[in-house]
Amino acid sequence: MLSNTEEKVLRGWWQSLVLSDAELKEKHLHSAPSGHKAKLKRAESVDAVLMQDAFRTLWLSLPEQESHSANDMECWAVIAASLVHVSPGYQDGIAAAAGKKPEKSDKSLVSEMRFSQLQAAKTPDELLRTLRRLLKLMKGKVEPLALAKDIDQWFSEYHHSGLVRAKNRISVKWAMDYYRAAK
């Protein structure tokens, strides 16, 4: 679970990548170096994300790094590589945003079959690949911290799968949010 400090660091890091210079100035933040966002978007795997300057900037900004494990680092890499595809100004989590029906349509923004690929992701690279596809389809219209928390929960279950009750699993939460939004 992300701490308040981690959320604050993550939001500032993400904003430095996606907000305009005027918006950043208003928030007293600095723009990320040019190329950081593009290089994260092009990183083809979680391992490639780990080698990017933009990820290193985020990782080194997090509190208590010495207590983080390699598993935590992998989780943060997926968070970083996913958030560069998120647009500012939206409030929905990924499942609710995917399940919403566009105006004058009776179909969800993301098909049930495509969405089920997210729920079926078995490895961090599969998760990242699927998240990127969904975020592209949805034009990044999700709330960044909600997405980060979902990714964090996915990793928690990935490393400790037997310890989570079925009703509390991220795949169940995603299905419930998707179908509620699709009504």
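Note that the structure is predicted; figures quoted are calculated from it, not measured.
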key: Derivation and outcome, side-chain contact (heavy atoms from CB on, under 4.5 Å), residues C75 and N71   = CA-CA 6 Å; C75 174; N71 293 340; over 6 Å; no

task = Please name all residues satisfying side chain to side chain contact (heavy atoms under 4.5 Å, CB included) with R56, sequence neighbours left out, ordered by chain then number.
result = D53, L60

Kindly compute the distance separating [atom1] ([X]) from [atom2] ([Y]), expressed to the nearest 0.5 Å.
| X | Y | atom1 | atom2 | value |
| --- | --- | --- | --- | --- |
| H159 | E157 | NE2 | CD | 11.5 Å |
| L19 | L24 | CG | CG | 5.0 Å |
| R133 | L128 | CZ | CG | 10.5 Å |
| D92 | K100 | CG | NZ | 3.5 Å |
| F55 | L40 | CZ | CG | 9.5 Å |
| S171 | Q153 | OG | CD | 9.0 Å |

Are side-chain heavy atoms of [X] and [Y] found at a separation under 4.5 Å?
| X | Y | answer |
| --- | --- | --- |
| L83 | L17 | no |
| V49 | V78 | no |
| S87 | V18 | no |
| E7 | K149 | yes |
| D72 | F155 | no |

ask   = Could you go step by step and tell me if S16 and L29 meet the side-chain contact (heavy atoms from CB on, under 4.5 Å) rule?
value = CA-CA 7 Å; S16 76; L29 295 171; 5.5 Å; no

Specify the closest pair of heavy atoms between [X] and [Y], including all atoms of both residues, with the distance to one decimal.
| X | Y | value |
| --- | --- | --- |
| A148 | L2 | CB-CD1, 3.8 Å |
| V84 | K41 | O-CE, 3.4 Å |
| S69 | W59 | O-CH2, 4.4 Å |
| A43 | R132 | O-NH1, 2.6 Å |
| G99 | S108 | O-OG, 2.8 Å |
| T57 | H36 | OG1-CE1, 3.8 Å |

request  = Kindly give the cluster partners of V172, where membership spreads through any ILVMFWY side chain lying under 4.5 Å from a current member.
outcome  = M176

request  = Any chance you could pull the hydrophobic cluster mates of M113, using side-chain heavy atoms under 4.5 angstrom and chaining through other members?
outcome  = none

request  = Could you tell me which residues satisfy side-chain hydrogen bond (donor to acceptor under 3.5 Å, both in side chains) with K173, sequence neighbours excluded, listed by chain and number?
outcome  = D150, D177

query = Which class fits the ring pair W154 and Y158: parallel under 30°, tilted 30 to 60°, perpendicular over 60°?
reply = parallel

Y179-L134 co-clustered via ILVMFWY side chain contacts under 4.5 Å = yes

query = With hydrophobic residues grouped by side-chain heavy-atom distances under 4.5 Å, do M73 and L131 end up in a single group?
reply = yes

query = If you draw a 6.0 Å radius around NZ in K101, do more than 12 non-hydrogen atoms from other residues or ligands fall strictly inside?
reply = yes

query = Does CD belonging to E44 count more than 12 external heavy atoms closer than 6.0 Å?
reply = no

query = Are D47 and D125 close enough, and set up right, to give a side-chain contact (heavy atoms from CB on, under 4.5 Å), and what steps lead you there?
reply = CA-CA 9 Å; D47 288 343; D125 281 324; 5.8 Å; no

query = Would a distance-only check, ignoring hydrogens and angles, find a side-chain to backbone donor-acceptor pair under 3.5 Å from Q52 to A48?
reply = yes

ask   = Is there any ring-ring contact (aromatic ring centres under 6.0 Å, His included) pair reaching into residues 99-148, and which pairs are they, with sequence neighbours excluded?
value = F115-Y178

task = Evaluate the side-chain contact (heavy atoms from CB on, under 4.5 Å) criterion for residues L58 and W14: first the C-alpha distance (whole Å), next the side-chain angles of each, then the deciding distance (0.1 Å), finally the verdict.
result = CA-CA 9 Å; L58 171 62; W14 171 74; over 6 Å; no

Show the atom names and distances, to 0.1 Å, of all donor-acceptor pairs under 3.5 Å that link a side chain in residues 137-147 to residues at least two apart or in another chain.
residue : atom : partner : partner atom : Å
E143    : OE1  : L145    : N            : 2.9
E143    : OE1  : A146    : N            : 2.7
E143    : OE2  : R11     : NH2          : 3.0

